Amino acid sequence: SGHRFPYQEDLALVEDVDGRRDGDGRLGGGWKAKELETVLAYLEAPSPATVLVLVGEELKPDSALAKACRKTGEVLVYDVTKRELPKWVVEQFKQAGVAADFETGRRLLELVGPSPEQLAVVIDKLATWADGGPVTETDVDALATRTAEASSFELTDAWGERDTGAALRAAELL
């Protein structure tokens with residue numbers, strides 16, 4: 001990724017610091033004040049032999065946690081809009097050494113959902129199976145397991161926008 005860390009003995013990775021998404025796409029269950037205070041205190045004098053990686057989805061740049069992280073280390077922001085997700089998936093396939101088109105990326109997102117962790121597992125599986133060849137929508141349908149949870153809001157939004165294709169896809173997932 002271009003970032004180099006000096007040799008470290010330990011890596012601590014903490015995901016979902018601002019919560020996890022429910023079936024309707026809302027974040028919930030993030031750190032409470034006490035957990036946040038503990039991490040902020042640690043960031044005042046972090047261990048030099050440990051890299052602490054905090055992963056969140058909607059952390060505000062002016063939040064106490066983001067400010068403390070910037071003061072102590074780096075804050076890396078990876079924003080991918082919903083519209084750009086299929087393109088991002090295609091790029092992940094490319095990095096895995098196989099080709100996939102936009103529609104294949106879109107189909108994978110329909111089945112698996114937007115979770116980078118879940119997508120990485122399935123992309124790795126599909127790339128291994130393809131063995132250097134291209135991955136198609138047919139391959140995705142045959143090998144990817146449906147794990148995406150459709151939101152009832154996706155259906156009502158698509159219905160309101162008169163987007164028949166999106167409404168049918170959301171209804172199928174529901």
Side-chain angles (χ1 to χ4, degrees), residues 1 3 5 8-89 91-92 95-96 105-126 140 143-161 163 166-167 169-174:
S1 68
H3 294 282
F5 296 100
Q8 302 291 330
E9 292 180 20
D10 296 307
L11 170 70
L13 175 65
V14 182
E15 297 179 315
D16 304 318
V17 298
D18 53 355
R20 290 185 177 206
R21 294 205 180 275
D22 62 15
D24 291 326
R26 293 188 201 105
L27 280 177
W31 282 352
K32 306 293 182 240
K34 187 164 186 132
E35 290 97 358
L36 185 57
E37 287 172 15
T38 301
V39 173
L40 292 175
Y42 171 78
L43 290 174
E44 289 294 321
S47 167
T50 302
V51 173
L52 175 62
V53 179
L54 305 175
V55 181
E57 285 193 42
E58 294 182 1
L59 195 61
K60 306 252 185 285
D62 60 346
S63 69
L65 182 58
K67 288 177 182 177
C69 288
R70 272 195 303 280
K71 182 178 174 186
T72 304
E74 285 185 73
V75 174
L76 305 177
V77 179
Y78 300 99
D79 286 330
V80 179
T81 64
K82 192 172 182 178
R83 252 184 41 224
E84 295 172 332
L85 276 172
K87 193 166 99 176
W88 179 84
V89 169
E91 180 59 33
Q92 299 310 300
Q95 289 180 15
R106 184 195 53 74
R107 181 63 180 152
L108 184 61
L109 284 160
E110 284 178 1
L111 292 175
V112 176
S115 164
E117 295 84 10
Q118 289 177 339
L119 285 166
V121 169
V122 178
I123 288 169
D124 184 52
K125 174 180 162 181
L126 287 163
V140 169
L143 299 171
T145 305
R146 182 182 302 275
T147 55
E149 291 183 25
S151 160
S152 58
F153 293 115
E154 289 178 54
L155 178 59
T156 56
D157 289 348
W159 185 273
E161 293 171 8
D163 185 342
R169 285 190 298 275
E172 181 181 317
L173 285 174
L174 285 168

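Counting from 1, the numbers follow the sequence of the chain as shown. Scope of the values below: all heavy atoms of this structure, side chains included, with no hydrogens, waters or symmetry mates. Predicted model only: the values in this text are computed from it and were never measured.
- The closest side-chain heavy-atom distance from Val17 to Val55 is not below 4.5 Å.
- We find that Glu91 and Lys87 are not joined by a salt bridge, their nearest charged nitrogen and carboxylate oxygen being 4.0 Å or further apart.
- Between the side chain of Lys125 and the backbone N or O of Leu143, at least one donor-acceptor pair lies under 3.5 Å.
- Tyr42 contributes a side-chain N or O that, together with a main-chain N or O of Ser47, makes up a donor-acceptor pair within less than 3.5 Å.
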Steps toward side chain to side chain contact (heavy atoms under 4.5 Å, CB included) verdict (Leu52, Leu43): CA-CA 9 Å; Leu52 175 62; Leu43 290 174; 4.2 Å; yes
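- Taking the side chain as every heavy atom from C-beta outward, Leu76 and Glu74 approach each other to under 4.5 Å.
- Between Trp31 and Thr38 there is no side-chain heavy-atom pair separated by less than 4.5 Å.
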Evaluation steps, side chain to side chain contact (heavy atoms under 4.5 Å, CB included), between Val39 and Glu37: CA-CA 6 Å; Val39 173; Glu37 287 172 15; over 6 Å; no
Criterion side chain to side chain contact (heavy atoms under 4.5 Å, CB included) on Leu36 and Lys32, from CA distance to verdict: CA-CA 6 Å; Leu36 185 57; Lys32 306 293 182 240; over 6 Å; no
Could you pull out all donor-acceptor pairs under 3.5 Å where a side-chain atom in residues 62-70 meets a protein atom, sequence neighbours excluded?
from, atom 1, to, atom 2, distance (Å)
Ser63, OG, Lys60, O, 2.9
Ser63, OG, Ala66, N, 3.2
Arg70, NH1, Pro61, O, 3.1
Arg70, NH2, Pro61, O, 2.7

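- Residues Val53 and Val51 form a side-chain contact, since some pair of their non-hydrogen atoms from C-beta on lies under 4.5 Å apart.
- In terms of heavy-atom proximity, Ala144 sits nearest to Val122 at CB-CG1, 3.9 Å.
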Side chain to side chain contact (heavy atoms under 4.5 Å, CB included) between Leu108 and Ile123, intermediate numbers included: CA-CA 9 Å; Leu108 184 61; Ile123 288 169; 3.7 Å; yes
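- Although no hydrogens or angles enter the test, the distance criterion places no donor-acceptor pair under 3.5 Å between the side chain of Glu44 and the main chain of Ala41.
- Not counting sequence neighbours, Asp124 has no partner by the salt bridge (charged side-chain N to carboxylate O under 4.0 Å, His left out) test.
- Distance check: Leu126 CG to Gln92 CD gives 13.0 Å after rounding to the nearest 0.5 Å.
- One N or O on the side chain of Asp18 and one on the backbone of Glu57 form a donor-acceptor pair closer than 3.5 Å.
- Side chain of Thr50 to main chain of Leu11: no donor-acceptor pair is present (N/O by atom type, distance under 3.5 Å, no hydrogens or angles).
- The distance from atom CG of Leu109 to atom CG of Leu119, rounded to the nearest 0.5 Å, is 5.5 Å.
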